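Note that ligands are numbered from 1 as they come in the structure, with each ligand's atoms numbered from 1 the same way. Only a predicted model underlies this, so the values are computations on that prediction, with no experimental measurement involved. We use all heavy atoms of the structure for the numbers below, so side chains are in, but hydrogens, waters and symmetry mates are not.
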Amino acid sequence: MTRSLTILGATGSIGRSTADVVLAHRDEFRVEAVVGGRNALALAETAKRLGARFAALSDESTADALKEALAGTGIESGAGRSAVLEAVDRPSDIVMAAISGTAGLEPTYASLKPGRRIALANKESLVCAGAAFMADARRLGVSVMPVDSEHNALEHALAAGRNRDVGKAVITASGGPFRTWTREQIAKADAKQASAHPVWSMGSKINIDSATLMNKGLELIEAHHLFDLEAERLDVLVHPEAIVHGLVQWTDGAVTAGLALPDMKVPIANALQNSARLFMDLPRLDLAAIGRLTFEKADEARFPCLALAKAALQAGGAMPTILNAANEIAVEVYMADQIGFYAISEIVESVCSTMVGSGNAPATVAEALAIDGEARAMARRLVPAKRI
Ligand code: NAD
Ligand code: MG
């Protein structure tokens, strides 16, 4: 049976891989709507390739450019917040939520509609407002399928037993481009070096988060909400080959793990399809050819963002929202070459410690965005006039 699909963040890294999966299975999916940020030509191209019915950009000023780029195709379009929300409101069985950052929170949350499936790539939605998001998803009967490779692996590994029999659920990290660098070398690294990820090809924000290991910290918070596991039962393991993505250690000593070659099309196909499998014409995992897999502990001294995220998860309340917001600003100014690498963690730490005791976990998107805004403003005030 053909299912309808809406893709949020259609022009990004996950969005493009989703398009590849859909185009390989044209008879299985019909694309209702595609959403992007501000690139009219790229979104129009995607909408045409996928035969979407509606295309929306969040940047209001792009309305005319998008209309022009889609002229004569019969594809409707719009721009601005209301157009993005219209895309989300249109009937579709599945929403791929792949906008990057907190910008994805409102549209991802608005995607929660009775009976729908949400393929969730936008981990920031869960970090920012995870308790409210998961509670609403459960109430509305929405199935949330993780696209993040580690969580997709855990989703299946956890299905092998009961939540209370989980000793630890472990997500792996490739370690990023600076895994073997000294602290002194890392301190001098610029955004270009931080973006040179050894394994995955991804969007710019998550690339920097992978270099600081904040990505893994955000993923611990994501796992906490997705799988109802407290901080003590979650852990990180560095695994440079990125073949084992997630492991569950059961209370009897057994371990169930999820393995795959590192290609986001694998978890994307899985999140779109769930229990049945889509055929994907991709290279197969050949463990004999790989020969050896290696693992090591994460070094929180060289990667303090991981420790900060763990502390935010432990603290709970509004702290993960604050951590995430401060990190987005710090990453943005690092990418603009305004601060050095370790100023990212310094800014995050400073905002988190100043805002300690900022109250309960947000119960609504509006509450999450209010806390987010406050933490962003504070982070911006900490950005030095001169590069540090
Ligand atoms: P990306 O930067 O490549 O793409 C982001 C997409 O969001 C683009 O289509 C952009 O146009 C759109 N966008 C940006 N701001 C928007 C706004 N305000 N409104 C509407 N659309 C907007 O990012 P990505 O790497 O594809 O990551 C997307 C999400 O998936 C992130 O939350 C990331 O953490 C998560 N994720 C990515 C990967 C990966 O391999 N790339 C893996 C796991 C999880
Ligand atoms: Mg991941």
Side-chain angles (χ1 to χ4, degrees), residues 6-20 33-47 55-60 62 66 78-88 96-108 110-111 118-128 146-155 171-176 195 197 199-210 213-223 226 236 239 242 244-246 258 260 262-268 271 324 327-328 331-332 335 369:
T6 285
I7 307 174
L8 310 180
T11 55
S13 165
I14 294 288
R16 290 194 303 274
S17 293
T18 303
D20 289 344
V34 287
V35 170
R38 56 171 66 100
N39 189 335
L41 286 181
L43 190 72
E45 204 46 52
T46 306
L57 286 166
S58 66
D59 182 344
E60 202 137 17
T62 58
L66 184 59
R81 177 173 176 265
S82 60
V84 171
L85 293 178
E86 184 190 337
V88 162
M96 167 58 74
I99 293 173
S100 144
T102 309
L105 178 61
E106 191 186 29
T108 303
S111 306
I118 301 202
L120 188 69
N122 179 252
K123 63 191 82 179
E124 293 88 348
S125 302
L126 285 182
V127 174
C128 227
V147 171
D148 221 341
S149 49
E150 299 77 3
H151 305 73
N152 193 267
L154 279 186
E155 171 86 24
I171 54 176
T172 64
S174 70
S195 300
H197 199 278
V199 181
W200 300 98
S201 145
M202 309 182 285
S204 51
K205 195 252 172 185
I206 184 172
N207 255 336
I208 306 295
D209 285 346
S210 298
L213 291 199
M214 180 60 94
N215 183 48
K216 222 37 63 176
L218 299 179
E219 289 184 356
L220 286 174
I221 303 172
E222 181 185 10
L226 280 170
V236 168
H239 168 43
V244 181
H245 302 287
D263 183 330
M264 286 308 293
K265 289 199 271 298
V266 175
I268 289 170
N324 178 63
N327 180 59
E328 278 200 30
V331 168
E332 187 185 301
M335 288 197 290
L369 291 177

Any side-chain to backbone donor/acceptor pair from S174 onto A242? Under 3.5 Å, distance only.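 No: the side chain of S174 does not pair with the backbone of A242.
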
Does any N or O in the side chain of N122 come within less than 3.5 Å of the main-chain N or O of I99, such that one atom is a donor and the other an acceptor?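 Yes, because the side chain of N122 sits within donor-acceptor range (under 3.5 Å) of the backbone of I99.
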
Could you list the residues that satisfy side-chain hydrogen bond (donor to acceptor under 3.5 Å, both in side chains) with [X], not counting sequence neighbours?
X    : value
D59  : S61
R81  : E106
K265 : none

Report the name of the N/O/S atom of [X] located nearest to the Mg ion (ligand 2).
X    : result
E150 : OE1
D148 : OD1
E219 : OE2

To the nearest 0.5 angstrom, please state how far the CE atom of M96 sits from the CG atom of L8.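 If I round to the nearest 0.5 Å, the distance is 9.5 Å.
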
Worked verdict on E150 versus T172 for side-chain hydrogen bond (donor to acceptor under 3.5 Å, both in side chains): CA-CA 7 Å; E150 299 77 3; T172 64; 5.3 Å; no

Would you tabulate the polar-atom pairs, meaning N/O of ligand 1 against N/O of the protein, with distances under 3.5 Å, reported to 0.1 Å?
| residue | atom | partner | partner atom | Å |
| --- | --- | --- | --- | --- |
| ligand 1 | 3 (O) | S13 | N | 2.9 |
| ligand 1 | 9 (O) | G9 | O | 3.3 |
| ligand 1 | 9 (O) | T11 | N | 3.2 |
| ligand 1 | 9 (O) | T11 | OG1 | 2.7 |
| ligand 1 | 9 (O) | G12 | N | 3.0 |
| ligand 1 | 11 (O) | T11 | OG1 | 3.2 |
| ligand 1 | 11 (O) | G37 | N | 2.9 |
| ligand 1 | 18 (N) | S58 | OG | 3.4 |
| ligand 1 | 19 (N) | S58 | OG | 3.1 |
| ligand 1 | 21 (N) | G36 | O | 3.4 |
| ligand 1 | 25 (O) | G203 | N | 2.8 |
| ligand 1 | 26 (O) | S13 | N | 3.1 |
| ligand 1 | 26 (O) | I14 | N | 2.9 |
| ligand 1 | 30 (O) | A121 | O | 3.4 |
| ligand 1 | 32 (O) | E124 | OE1 | 2.7 |
| ligand 1 | 41 (N) | S13 | OG | 3.3 |

